[in-house]
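As structure tokens, the structure follows; a few thoughts come after it.
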Amino acid sequence: MLYLASQSPRRLELLRQIGIEPGLLDVVVPESRLPGESPHDYVSRVAREKAGAGLLQVMANPGALVLGADTEVVLDDRVFGKPADAGEAARMLGELAGRTHSVISAVWLLSAGRELHAMTRSEVRIAALNAEAIAMYVATDEWRGKAGSYAIQGRAAMFIEHLSGSYSGVMGLPLFETAELVRAFGRVDLLYPIKVDPSKGAR
């Protein structure tokens with residue numbers, strides 16, 4: 001059984017997209033960057049702590065796998081987490097607009113005796129936005145619970161000038177890397193089978 005240490009509907013949707021119907025675990029992990037901690041290390045640590053907290057809840061279940069993930073927006077070494085209110089969301093979008101920022105995603109997969117992880121870093125450029133455009137987007141409430149105050153899979157898609165990297169990673173869970181971790185645990189039964197056309201090879 002694979003468990004998702006998150007209540008994120010986006011991560012649940014993404015796992016279902018590759019054929020995984022996880023058990024859901026509600027974990028509470030402080031998301032505060034430590035002094036001197038790099039954005040990369042911060043995202044990885046939070047994801048690992050989520051998976052670890054989840055694993056403690058299901059230790060009695062033999063063969064349990066727990067997935068923890070974290071995704072953050074980074075600009076100039078600053079981590080843009082989830083905005084507390086509409087004003088903060090508008091300020092974040094104002095700083096990101098017209099510039100290219102990074103989106104770092106970490107995935108940890110833990111069992112009672114093993115742990116593996118993967119990281120992705122994507123580059124996203126948001127178009128220049130005036131105050132009216134930002135206000136209209138913030139009014140949709142789509143920013144709530146989103147790192148950097150935007151959802152690439154939602155209305156904010158119209159603002160994305162360029163993306164280099166993992167689209168699903170920007171959403172919150174890089175699917176290629178997640179599937180590779182599941183396969184590394186020998187649990188291909190959790191994934192949709194890869195269809196093979198003898199004339200074209202695996203795809």
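Everything numeric in this text was worked out from a predicted model, so none of it was measured.
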For this session: Verify salt bridge (charged side-chain N to carboxylate O under 4.0 Å, His left out) between E123 and R121, making sure each step is shown before the conclusion.
Result: CA-CA 7 Å; E123 302 299 320; R121 188 181 191 107; 3.7 Å; yes
Problem set entry | Minimal non-hydrogen separation, V73 against L96, with atom names | CG1-CD2, 4.0 Å
Check: residues 147-161 side-chain donor-acceptor pairs under 3.5 Å, at least two apart:
| unit_1 | atom_1 | unit_2 | atom_2 | d |
| --- | --- | --- | --- | --- |
| Y150 | OH | H101 | NE2 | 2.7 |
| E161 | OE1 | R125 | NE | 2.9 |

Exercise. How far apart are the C-alpha atoms of Y42 and D70, what are their side-chain angles, what is the distance that settles it, and do they pass the side chain to side chain donor-acceptor pair (under 3.5 Å) test?
Worked result: CA-CA 9 Å; Y42 165 65; D70 191 50; 5.1 Å; no
Seminar exercise, completed: Exactly one candidate in L116, T71, T178 meets side-chain contact (heavy atoms from CB on, under 4.5 Å) with V107; the answer is T178
Exercise. Do other residues, nucleotides or ligands put more than 12 heavy atoms under 6.0 Å from the OH atom of Y167?
Worked result: yes
Exercise. Is it true that atom CE of M136 has more than 12 heavy atoms of other residues, nucleotides or ligands lying nearer than 6.0 Å?
Worked result: no
Exercise. Is a side-chain N or O of W108 found less than 3.5 angstrom from the main chain of S44, in a donor-acceptor match?
Worked result: yes
Exercise. So, the side chain of N130 versus the backbone of A133: is there a donor-acceptor pair under 3.5 Å, distance only?
Worked result: yes
Exercise. When you measure from the side chain of K50 to the backbone N and O of A5, does any donor-acceptor pair fall under 3.5 Å?
Worked result: no
Problem set entry | Any pair counted as side chain to side chain donor-acceptor pair (under 3.5 Å), so long as it reaches residues 80-91, sequence neighbours left out | none
Exercise. Got a donor-acceptor contact below 3.5 angstrom from the S105 side chain to the L173 backbone?
Worked result: no
Exercise. So does E13 pair up with R16, basic N to acidic O under 4.0 Å?
Worked result: no
